[in-house]
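Keep in mind that the numbers below use all heavy atoms, side chains included, and drop hydrogens, waters and symmetry copies.
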Amino acid sequence: MTTTSPTTAFSADVAGRPGTIRNRVLWTLQILLGLFFVIASGGPKLVIPNALADNAPENLTIPFGLLVFIGVVEVAGGIGLLVPRVSALAAVGLSVLTVLAAGTQAFIADKPAMAIFPLVLAAIFAWIAYERRAGVTGLRDSLSR
């Protein structure tokens, strides 16, 4: 029979969560990036997709449906970053999206220097996902009941 003392349970609980300063930094990043993806990145793709499609460079023609889909994914990811239970999953999704955006910039648009910003965002989202991984297990546990 195994018993756990209150200090053991507390230390195990604290080990799964980021520290106070790190938690504040993470939430600051999540709020800023969430608002960026909802307002500045994904929002225009949903509100004015025709203007964005018409002003695209010749070597970066994206089908209209794909442009709207990317806008929906960006807005959903931005909102997901603000919801504690799904913030890790949203960060994973946005990390994949930004890696694909970097690949598009580097290989399809033929502007590899423009791929740096999405790659930096991908690294930030990967860090957020790693730090918020406890939320994924909590979500899994609540769904399995």
Side-chain angles (χ1 to χ4, degrees), residues 4-53 55-57 59-145:
T4 59
S5 67
T7 57
T8 307
F10 177 74
S11 64
D13 184 40
V14 171
R17 294 185 316 208
T20 304
I21 294 173
R22 187 180 307 159
N23 193 36
R24 288 180 183 162
V25 169
L26 285 167
W27 274 114
T28 302
L29 282 172
Q30 286 175 237
I31 290 168
L32 290 175
L33 291 173
L35 290 175
F36 169 75
F37 272 92
V38 170
I39 296 170
S41 186
K45 291 178 179 83
L46 297 178
V47 177
I48 53 169
N50 290 328
L52 293 176
N55 291 330
N59 58 347
L60 189 61
T61 54
I62 297 175
F64 183 77
L66 180 60
L67 184 69
V68 172
F69 175 74
I70 292 169
V72 168
V73 171
E74 288 179 347
V75 168
I79 293 170
L81 282 176
L82 305 176
V83 179
R85 293 189 78 122
V86 296
S87 61
L89 296 174
V92 168
L94 287 171
S95 182
V96 170
L97 180 74
T98 53
V99 167
L100 293 173
T104 301
Q105 289 292 333
F107 300 114
I108 295 175
D110 200 29
K111 295 182 180 179
M114 297 294 290
I116 295 171
F117 180 67
L119 289 176
V120 169
L121 285 177
I124 292 170
F125 288 132
W127 179 62
I128 291 171
Y130 176 76
E131 293 293 337
R132 300 293 187 202
R133 67 192 180 279
V136 175
T137 58
L139 181 65
R140 182 192 66 208
D141 292 343
S142 68
L143 291 175
S144 67
R145 293 181 191 161

Practice problem: Check S142 against R85 and note the closest heavy-atom contact, atom names and distance. | Solution: OG-NH2, 3.0 Å
Quiz item: What is the minimum heavy-atom distance between L26 and W127, and which atoms define it?
Solution: CD2-CZ3, 3.4 Å
Quiz item: What's the shortest heavy-atom distance between L46 and P49, and which atoms?
Solution: O-CD, 3.6 Å
Quiz prompt | Between CG on residue N23 and CD on residue Q30, distance to nearest 0.5 Å | solution = 8.5 Å
Quiz prompt | Heavy-atom closest contact (R132 atom, A88 atom, distance) | solution = O-CB, 3.4 Å
Quiz item: If you take all heavy atoms of V99 and A122, which pair is closest and at what distance?
Solution: CG2-CB, 3.6 Å
Practice problem: Mark yes or no for whether R24, through its side chain, and I21, through its backbone, hold a donor-acceptor pair below 3.5 Å. | Solution: no
Quiz prompt | side-chain contact (heavy atoms from CB on, under 4.5 Å) evaluation trace for F37 with T98 | solution = CA-CA 11 Å; F37 272 92; T98 53; 4.1 Å; yes
Quiz item: Is it true that a side-chain atom of S95 and a backbone atom of A91 form a donor plus acceptor pair closer than 3.5 Å?
Solution: no
Exercise. Quick one: pull up CD1 in I116 and CG in L121 and give me the separation to the nearest 0.5 Å.
Key: 12.5 Å
Quiz item: What distance separates I70 CD1 from L52 CG, expressed to the nearest 0.5 Å?
Solution: 11.0 Å
Quiz item: In Å, rounded to the nearest 0.5 Å, how long is the span from CG of L32 to CH2 of W27?
Solution: 12.5 Å
Quiz prompt | F64 and N50, any side-chain heavy atoms less than 4.5 Å apart | solution = yes
Quiz prompt | Over all atoms of both residues, closest heavy-atom pair of A115 and A106 | solution = CB-CB, 4.1 Å
Quiz item: When rounded to the nearest 0.5 angstrom, what is the spacing between CD in E74 and OG in S41?
Solution: 3.0 Å
Practice problem: Nearest 0.5 Å please: distance from the CZ atom of F36 over to the CG atom of L94. | Solution: 10.5 Å
